Amino acid sequence: MTIERTASAAGVGAADDTPPFRYTAAMANDIEAKWQDVWEETGTFNTPNPVGELSPTDGKPVADDKTYVLDMFPYPSGKGLHVGHPLGYIGTDVWGRFLRMTGRNVLHTVGFDSFGLPAEQYAIRTGTHPKVTTDENIARYRSQLRRLGFAHDQRRSVATTDPEFVRWTQWIFTQLFESWFDPQAEPAPGGGQTGKGRARPIADLIGEFSSGAREIPDGRPWAELSKADRAAVVDSYRLVYITEAPVNWCPGLGTVLSNEEVTADGRSEIGNFPVFRRSMRQWMMRITAYGDRLIDDLDRLDWPESVKSMQRNWIGRSYGAQVAFRLADDAHAGAGPIEVYTTRPDTLFGATYMVLAPEHPLVDTISAAEWPADVPESWTGGAATPIDAVAGYRLAASRKSDLDRQENKQKTGVFTGAYAVNPVNDNRIPVFIADYVLMGYGTGAIMAVPAHDARDYEFAGVFGLPIVDTVERPEGMPSDEFHGGEGPAINSANDEVSLNGMAIDEAKSTITRWLQDKGFGHPRKQYKLRDWLFSRQRYWGEPFPIVYDADGIAHSLPDTQLPLTLPPLVDFSPADLDPDDPNSEPVPPLGKATEWNTVTLDLGDGEQTYTRELNVMPQWAGSCWYELRYLDPTNSKSFCDPENERYWMGKDPSRPNDPGGVDLYVGGVEHAVLHLLYARFWHKALFDLGHVSSEEPFRRLFNQGYIQAYAYTDARGVYVPAEDVTEETPGEFRYQGQPVHREYGKMGKSLNNVVTPDDMCAAYGADVFRMYEMGMGPLHESRPWQTRDVVGSQRYLQRLWRTVIDEDTGAVRVSDDAPDVETLTLMHRTIDGVRTDYAAMGYNTAIAKLIVLTNHLTKSGVDPAREVVEALVLMTAPLAPHVCEELWNRLGHDESLAHGPFPQADAEFLLDETVEYPIQVKGKVRSRITVPADADAAAVEATALADEKIVELLAGAAPRKVVVVPGRMVSIVP
RNA sequence: GCCCUCGUAGCCCAAUGGCAGGAGGCGCCAGCCUAAGGAGCUGGACAGUGUGGGUUCAAAUCCCACCGAGGGCACCA
C-alpha cells in the first residue's frame, strides 16, 4: 500500500534515529485530535448573531464587520468523501479563518442536502428506512469533515431532512402558494429593479376581483362564480399551481423529472432510464414570471462570466414579433389564423412557406381532405390524402426519441394541403408540419424564411421551396450560398411600407409598427425558460403542505399544522413499472399511507375531511433557501429573524446597486443553472413578500475546480489499483510488471483510483492534506491528484515545526533577540504578500511566500527570532490550523489564535531605498542601472542614457524615444 | 454545429503588457550526514511560454486564424 509506504517514509515506525520530537504523521494526528476537541469544547467557532438565541451571551453588540462564507452543501451519499470533495471546503475555511483572524465576525458552517433518490432507492432494495441511511451517512460525513479541522459553527449545521427545516421549507411553499405575480405592480420597496412586477399576496388578488377593481380574464362577474370557479380563477394566478402539462415521465424511476434532470439523449440523469414526453397533472412553480429579473439582475452579481452566460442562455430571452397569417381558402373560414413568433420580422417578405409543430392544435383543422393539384410527390409523404400524411407523420414523430430526432439531421415533414397568406404581400404560401418546429416554444408555428434561416434553408432544399432574399448579400457572395448575416433589406416593400435599404434593426421596428397598425401582429418577448415542474412521485422528500376538500379544491395547511412529516412506510417503491412503457401511470408511495392521507381539519369552514397531496417536493427545494436557515437555525418563530438576515445578507450601501446576499459562495460549476436559478427565484419571491431584505441569495459566486485523477486499465481493459501503478520510464506505466494504459478524469470507485481524506489524514495529518490541496494551484482550476507530491507540504510543516521546536529535546528554540534587517524585511514583505493572496484566495502563491520565509530561517542556521517565528505561525494558521495552534501555544500563548492577531506589514520595510532598472534597447535587456527609489522619470532616463554600455550602443546618436516605466524598466528606441 | 475555459521545464504551477534574474512544490543529479538505506540539510541541471500572423518601445499576457484539452448548449424560429 502506498499509504503505508509513505507513512513510514514520513517517519512513522521508521528507523530508530527519527528524532523523537519530529513533526510526523503520528505527531500531527495527536495534535489535530487535541485541537479539534479544544475548539469544540470551547466553542471557538461559534459565531454570534445580532439577535435571538445565538446572540452574544454577554450582551455585547456583534462586530459591524462581518463575512458570510458558504459552501454548496453536500448530499451525504453512502460512499463518503474522496479527496476531491473537500477542495472547496478547505478553500472557504482558509478564507474564513484568515478573515476571522483579522477581526471579522465570520459565519461559516456546513449542513446536508439530505433528501434525495439514492437513500430511497436503497430503501426500496433493502427495506431500510431512508431516514436511517441518511442519518448514518450524515454522521459519517460529520466525522470526516471534523477530521479536517474546519472552523464551522456546528450549532448552525442543519440538514434539509430535519423536521424543523422541513417545517420552514413547507412554510415557504405555502407563502408561494398564497401569492401571485402582478406584472403591473411597482417593485417592492428597497429593490434595485428597473421594470415593474412583483409577487403579492393572493388575498390582494381576491380582494381586487371581489371589489371589481380587477376583471376576471373571461369577463364574468366574480359574484356570479361558483366556489369552484372562483378557486379555478385564483389558482391560475398562483406562484405555485397545478396544471395538466407535458412532462418527462420516467417509469423506470416511477416519477416525472424536470427538463433539467433529463439528458440530451432523452434519459434520466439518475439511473439512465428512458424518459417519455406525455401529459400529466403536475405542480408547477411560476419561475417564468421572474424571467426578466433573473436575467437582468445577473448584471448585479459578482459571478463567473461563464455561469452568467449559461443562465442567460437557459432563460433565453428574445425579442421579436408575433404575426398572424390568415388561411387562404374558404374551406378554413373560421379557423386560424396561424400565429407565429419570429425574431426576424424584417425578413417577412421572404417568408415562402410555414411550418407547424406536429402536435399543433390547428393541424387537425387545416389538414385538407385531398391534395391540391400539382403537389410534388415529395410533399405528400407517399400518402393518399393530407389527412393520412399528417397522421402518418405524427405517429412516426411520436415514436422517435429525442435522440433519433437529433441523429436524423435530414429535415422531414409533410404538406398539410392548406395554404396561408403572407400579410405583407398577400402571397399564398403552403403550410407544412415538421418536427424541427417544437410545440413548446413560441407559438409552435413558424413563418419560414429559407433565405436567412439555416433550418428553413435546409428544409426548402429538401422540398424544393422558393427562396427569396430580403437581406442584401455582401459583395462577391455567391447567390446560391446561405446568407444568415447582416445587410440592408431588399425586396421588402408593398404599397404601404418599404424596408428596402434599412439595416436589420430599423427594418424590424418599421415592419413591426406596420403590422401592429394593420392588426396583423405585435411585438413580443419570448423565453426559453419554462415553469418549474415541482412535484415528484417519490417518498423521501418534503410532503406538500396541501390538502384537497370535497370539491377537489387545494388548500394550504395553516402554519400551526407544520411541519407535515412523512408517514412511516414499509414498502417504499413507487410502483413496479416497466421502464419502457410510456403509458404507465404514476402511483406515489404516499398513496400507500392510507391513514395519513386523509385528515379532518377546520380550515375556517368548520371541521371537514380533507385528502392530502401525495406528491413530494423535488430535492432542489431545501437548497433553495438553506443559506437563510444557517443564519438563524434555532429560530422557531420564523425561518430567519429579519434582523439576522439583514446583518448577514443585507445590501451593502457602499456598493452601487448591491443586491445583497452571501459574501462568498463556493461550489462546482455543475450547479450553474439548476440550483442557482431556483434559489434565486425563491429568494426574489421572499424579497417581494417582505421576508428578506436582500434581492439575491449569493452576491459572489466562485467555482472551484475539480480534483481529477489518473486511472489505469490493463490489457483486458480492467481498472487496476491506481496507487500501485509505477512509472518505470516516463510515459510507461506498469502494474505488477504488466504495462497498463493511463486515462485521466474523475475519481471513482469503478475506476479503482479513489483516495480518501481519511487515508491522507492517517498518512500525513489533516494539516498536510489541507496545505497540499491549497498548494496545488489556483482554487478555480482543475488539477490531477498526485499522492507522491503531498510530501512537499509535509516537508514545509516539518521545517516550520523545527523553527520552533528542537526535534531532539522538544524544547522551544526561538531566540528573543531582534531579527536582522534582511530577515525583518523579508518578513514584512511576506506579510504584505500573504495578506493580499489570502484575500484573493491565491493560496498557492501565499504558500510559496511562506516557504520562502521559512527556508530563509532554516538556512540561517541560528535559532530564529521570536518575532519572525510568531508571524510565520500566525500566517500559516489558516492553512494548517492545528499545528499552528500547537506552536502558538508552545510559544507561550494561552489564547487560541483563531481570532488573531494576524500580522501587520510595516510599510517601512516594503519600499526599497534603491531600485534596479533593466534597460532595454530594441526590446532586449542590454544593461542595468541602480537608482534611488524616489528618483523621478527624468532622473532615471538621464542615468540610463549615461550608462556606459548604453552610450556605447547608441554610439552618439540621440535616441528616438525613451520610455521610463516607474519602478519597472527603461526602454530605449534608438 | 454554437458558446465558455485553458495550453509556460519530465509533472503540478508563478508571472495578465514591463527583466521568464521562474515564486514555490514534486521528480531527477551531486555534496554533506549515515555502517547503510531512508529522512534531513546544501547545491545543481532542465523550458523560452501549443502553432502561425498582427498591434506595441515592449507580448506568456492584447487582437486574428489554426491545433489540442476540458466544460456547457444543441433544430428555441
Side-chain angles (χ1 to χ4, degrees), chain A residues 8-11 14-15 17-19 22 24 264 304-310 313-314 316 318 320 340-344 355 402 405-406 409 411 434-438 440-449 453-456 458-459 526-529 669-670 672-673 703 705-706 708 727 729-731 744-745 771-772 775-778 780-793 795-796 798-799 802 807 833 842 844-852 855 858-859 861 916-925 928 959-963 965 967-974:
Chain A
S8 56
D17 62 344
T18 299
R22 172 161 291 176
T24 60
E305 209 41 58
S306 62
V307 175
K308 290 191 193 183
S309 109
M310 280 159 75
N313 188 31
W314 190 264
S318 68
V340 303
Y341 171 70
T342 176
T343 55
R344 290 294 301 276
V355 184
D402 288 355
R405 280 197 182 193
Q406 278 165 40
K409 290 293 178 196
K411 290 277 182 289
D435 64 6
Y436 84 92
V437 173
L438 310 174
Y441 182 78
T443 61
I446 61 157
M447 65 174 208
V449 183
D453 181 282
R455 297 151 301 187
D456 298 343
E458 205 185 313
F459 189 88
Q526 178 68 36
Y527 306 88
K528 284 200 269 184
L529 182 71
V669 71
E670 71 270 18
V673 281
N703 294 126
Y706 296 105
Q708 299 187 286
E727 189 172 4
T729 50
Y744 179 59
M771 289 287 296
Y772 171 63
M776 291 167 88
H780 61 88
E781 272 175 31
S782 295
R783 59 308 277 288
W785 176 266
Q786 302 211 68
T787 300
R788 66 172 194 194
D789 289 0
V790 178
V791 69
S793 303
R795 286 182 191 148
Y796 167 69
Q798 285 178 336
R799 280 201 294 275
R802 263 201 305 276
E807 287 189 329
N844 54 327
T845 51
I847 289 169
K849 292 178 176 89
L850 293 170
I851 290 173
V852 170
N855 288 352
T858 306
K859 279 178 205 175
E916 189 187 54
Y917 281 82
I919 304 168
Q920 285 185 352
V921 179
K922 281 203 226 166
K924 282 185 180 158
V925 177
R928 293 172 191 284
R960 277 198 295 153
K961 191 171 178 183
V962 179
V963 181
V965 185
R968 305 225 70 130
M969 63 146 33
V970 181
S971 185
I972 297 172
V973 190

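In what follows, every heavy atom counts, from backbone to side chain, and hydrogens, waters and symmetry copies are set aside. Chain letters run A, B, ... following the sequence lines, proteins first and then strands; every chain starts at 1. All figures in this text were calculated on a predicted structure; none of them were measured in a lab.
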With both distances under 3.5 Å as the test, what is the Watson-Crick or G-U wobble partner of [N]?
{"N": "U34(B)", "value": "none"}
{"N": "C75(B)", "value": "none"}
{"N": "A9(B)", "value": "none"}
{"N": "A65(B)", "value": "U51(B)"}
{"N": "A60(B)", "value": "none"}

Side-chain N or O of [X] closer than 4.0 Å to phosphate OP1/OP2 of [N]:
{"X": "Asn313(A)", "N": "A74(B)", "value": "no"}
{"X": "Arg802(A)", "N": "G40(B)", "value": "no"}
{"X": "Ser306(A)", "N": "G72(B)", "value": "no"}
{"X": "Arg795(A)", "N": "G27(B)", "value": "yes"}
{"X": "Lys849(A)", "N": "A23(B)", "value": "no"}
{"X": "Arg799(A)", "N": "C41(B)", "value": "yes"}

Can you identify which nucleotide, out of [options], has its nearest atom closest to the [X] side chain?
{"X": "Thr342(A)", "options": "A23(B), C13(B), A77(B)", "result": "A77(B)"}
{"X": "Asn855(A)", "options": "A77(B), G25(B), C12(B)", "result": "G25(B)"}
{"X": "Asp453(A)", "options": "C13(B), A77(B), C11(B)", "result": "A77(B)"}
{"X": "Val963(A)", "options": "G27(B), G24(B), G18(B)", "result": "G18(B)"}
{"X": "Val852(A)", "options": "G27(B), C75(B), G24(B)", "result": "G24(B)"}
{"X": "Ser971(A)", "options": "C57(B), A23(B), C26(B)", "result": "C57(B)"}

Task: Distance, nearest 0.5 Å, that separates CD1 of Ile446(A) from CG of Asp456(A) - done: 4.0 Å
For atom [atom1] of [X] and atom [atom2] of [N], their distance in whole Å:
{"X": "Trp314(A)", "N": "C3(B)", "atom1": "CH2", "atom2": "C1'", "value": "15 Å"}
{"X": "Met776(A)", "N": "C12(B)", "atom1": "CE", "atom2": "P", "value": "10 Å"}
{"X": "Glu781(A)", "N": "A69(B)", "atom1": "CD", "atom2": "P", "value": "18 Å"}
{"X": "Arg344(A)", "N": "C75(B)", "atom1": "CZ", "atom2": "P", "value": "20 Å"}
{"X": "Arg968(A)", "N": "A15(B)", "atom1": "CZ", "atom2": "C1'", "value": "10 Å"}
{"X": "Leu529(A)", "N": "C73(B)", "atom1": "CG", "atom2": "P", "value": "15 Å"}
{"X": "Lys308(A)", "N": "U5(B)", "atom1": "NZ", "atom2": "P", "value": "13 Å"}
{"X": "Tyr436(A)", "N": "C75(B)", "atom1": "OH", "atom2": "P", "value": "13 Å"}

Of all heavy-atom pairs between [X] and [Y], which one has the smallest distance, and what is that distance?
{"X": "Pro304(A)", "Y": "Asn703(A)", "answer": "CG-OD1, 3.3 Å"}
{"X": "Val340(A)", "Y": "Thr443(A)", "answer": "CA-OG1, 3.3 Å"}
{"X": "Gln708(A)", "Y": "Ser782(A)", "answer": "OE1-CB, 3.8 Å"}

Between [M] and [N], how far apart are the [atom1] atoms? Round to whole Å, please.
{"N": "G31(B)", "M": "U49(B)", "atom1": "C1'", "result": "33 Å"}
{"N": "C57(B)", "M": "A69(B)", "atom1": "P", "result": "38 Å"}
{"N": "C63(B)", "M": "U56(B)", "atom1": "C1'", "result": "12 Å"}
{"N": "G18(B)", "M": "C29(B)", "atom1": "P", "result": "37 Å"}
{"N": "G50(B)", "M": "A9(B)", "atom1": "C1'", "result": "15 Å"}
{"N": "G38(B)", "M": "C28(B)", "atom1": "P", "result": "10 Å"}
{"N": "C67(B)", "M": "C11(B)", "atom1": "P", "result": "23 Å"}
{"N": "A15(B)", "M": "G24(B)", "atom1": "C1'", "result": "12 Å"}

With a non-hydrogen cut-off below 4.0 angstrom, is [X] in contact with a base, only sugar-phosphate, or nothing?
{"X": "Pro304(A)", "result": "nothing"}
{"X": "Ile851(A)", "result": "sugar-phosphate"}
{"X": "Ser318(A)", "result": "sugar-phosphate"}
{"X": "Val965(A)", "result": "base"}
{"X": "Gln526(A)", "result": "nothing"}

Task: Any side-chain heavy-atom pair of Gln920(A) and Val963(A) under 4.5 Å - done: no
Task: Residue pair Tyr772(A) / Tyr796(A), side-chain heavy-atom distance below 4.5 Å - done: no
Open item on the list: Does Lys411(A) qualify as a cation-pi partner of Phe459(A), given the criterion of NZ or CZ under 6.0 Å from the six-membered ring centre and within 45 degrees of its axis?
Closed with: no
Open item on the list: Please compare Asn844(A) and Gln920(A) by the position of their nearest nucleotide in RNA chain B and report the one closer to 5'.
Closed with: Asn844(A)
TODO: By nearest nucleotide on RNA chain B, pick out whichever of Gln708(A) and Pro918(A) is the more 5' one.
DONE: Pro918(A)
Task: Donor-acceptor pair, side chain of Tyr917(A) and main chain of Gly967(A), under 3.5 angstrom - done: yes
TODO: Look at the side chain of Lys859(A) and the base of C41(B), then say whether one donor and one acceptor between them are separated by less than 3.5 Å.
DONE: no
Task: Anti/syn call for G25(B), syn if |chi| within 90° - done: anti
